[in-house]
Amino acid sequence: QLQLVESGGGLVQPGGSLRLSCEVPGSNLDFYSIGWFRQSPGKERVGVSCISGAGRSTDYEDSVKGRFTISRDRDNAKNIVYLQMNDLKPEDTAIYYCAAKELGQHIWRTCVAYDARGYVSWGRGTQVTVSS
């Protein structure tokens, strides 16, 4: 399994922005879908966004469309996936997790944000709190 490390969470006022990072060292992200999921207290974990394979196709959960942007970068052999979150709302408060799903030979496969099937490697999460 891969090791994934999230960072970038924190406390922000409504309307503010944060950028989360998911570092996946030692891997070629062309062969994986990377998803961002979140879990609020007392609620189930839900998919927020994903970016997939060589085509870097993306998908977003409806409530974050137009506010969140997922992207991928390769910097000095560190494979990093970002989640830029703008216009944050109190309901965005949650622990945010990134996860990886191996694509095998299907590196051009797209992903669906809400579909957590096949994500076997998970990070420990980063807390995002949106409050005034």
key: side-chain contact (heavy atoms from CB on, under 4.5 Å) involving Ile95 - partner list, sequence neighbours excluded   = Tyr97, Gln127
query = Are Trp108 and Ile34 in one and the same hydrophobic cluster, where Ile, Leu, Val, Met, Phe, Trp and Tyr link if side-chain heavy atoms are under 4.5 Å apart?
reply = yes
task = Taking all heavy atoms of Val48 and all of Val64, pick out the closest pair and write down the distance.
result = O-CG2, 3.7 Å
ask   = Short question: side chain of Glu61, backbone of Gly47 - any donor-acceptor pair under 3.5 Å?
value = no
task = Nearest 0.5 Å please: distance from the CZ atom of Arg19 over to the OG atom of Ser7.
result = 9.0 Å
query = Tell me, which pairs form a salt bridge (Lys or Arg N to Asp or Glu O under 4.0 Å) where one or both residues lie in residues 90-106, sequence neighbours left out?
reply = Arg38-Asp92, Arg67-Asp92
message = Salt bridge or not between Arg72 and Asp30? Use side-chain N to carboxylate O under 4.0 Å.
response = yes
key: Student check: side-chain heavy atoms of Pro90 and Pro14 closer than 4.5 Å   = yes
ask   = Which atom names give the shortest non-hydrogen contact between Ser49 and Asp59, and what distance separates them?
value = OG-O, 2.9 Å
task = With the side chain counted from C-beta on, respond yes when Glu23 and Asn79 share a heavy-atom pair under 4.5 Å apart, and no when they do not.
result = no
key: disulfide (SG to SG under 2.5 Å) partners of residues 101-132, not counting sequence neighbours, each pair once   = Cys50-Cys111
query = Would you say the side-chain atoms of Ser33 and Ser52 include a donor-acceptor pair closer than 3.5 Å?
reply = yes
task = Hey, could you give me the NZ/OG distance between Lys89 and Ser131, rounded to the nearest 0.5 Å?
result = 15.0 Å
query = Can you find a pair of side-chain heavy atoms, one from Val112 and one from Tyr114, that are under 4.5 Å apart?
reply = yes
key: Same apolar cluster (I L V M F W Y, side chains within < 4.5 Å links), Val128/Val46   = no
query = Under 4.5 Å between any side-chain heavy atoms of Leu103 and Phe31, yes or no?
reply = no
ask   = Just wondering, do Leu20 and Glu6 contact through their side chains at under 4.5 Å, heavy atoms?
value = no
task = Return the set of residues passing ring-ring contact (aromatic ring centres under 6.0 Å, His included) with Phe37 (not counting sequence neighbours), or none when no residue passes.
result = Tyr119, Trp122
ask   = Should we count CD of Gln84 as having more than 12 external heavy atoms under 6.0 Å?
value = yes
inquiry  = Tell me which pairs pass salt bridge (Lys or Arg N to Asp or Glu O under 4.0 Å) where either residue lies in residues 115-130, with sequence neighbours left out.
reply    = Asp115-Arg117
query = Which atom pair, heavy atoms only, marks the closest approach of Cys22 to Leu4?
reply = SG-CD2, 3.6 Å
request  = Can you see which heavy atom on Thr110 is nearest to which on Ser57, and at what distance?
outcome  = CA-OG, 3.3 Å
request  = Would you check if the side chain of Ser121 reaches a backbone N or O of Leu2 as a donor-acceptor pair within less than 3.5 Å?
outcome  = yes
message = Are Val81 and Trp36 packed together at the side-chain level, in the sense that at least one heavy-atom pair is separated by less than 4.5 angstrom?
response = yes
ask   = Partners of Phe68 by ring-ring contact (aromatic ring centres under 6.0 Å, His included), sequence neighbours excluded?
value = none
inquiry  = Return the CG to OG distance between Leu83 and Ser71, rounded to the nearest 0.5 Å.
reply    = 8.5 Å
inquiry  = Would Val24 and Leu29 count as a side-chain contact (heavy atoms from CB on, under 4.5 Å) here? Give the steps.
reply    = CA-CA 8 Å; Val24 193; Leu29 291 183; 4.1 Å; yes
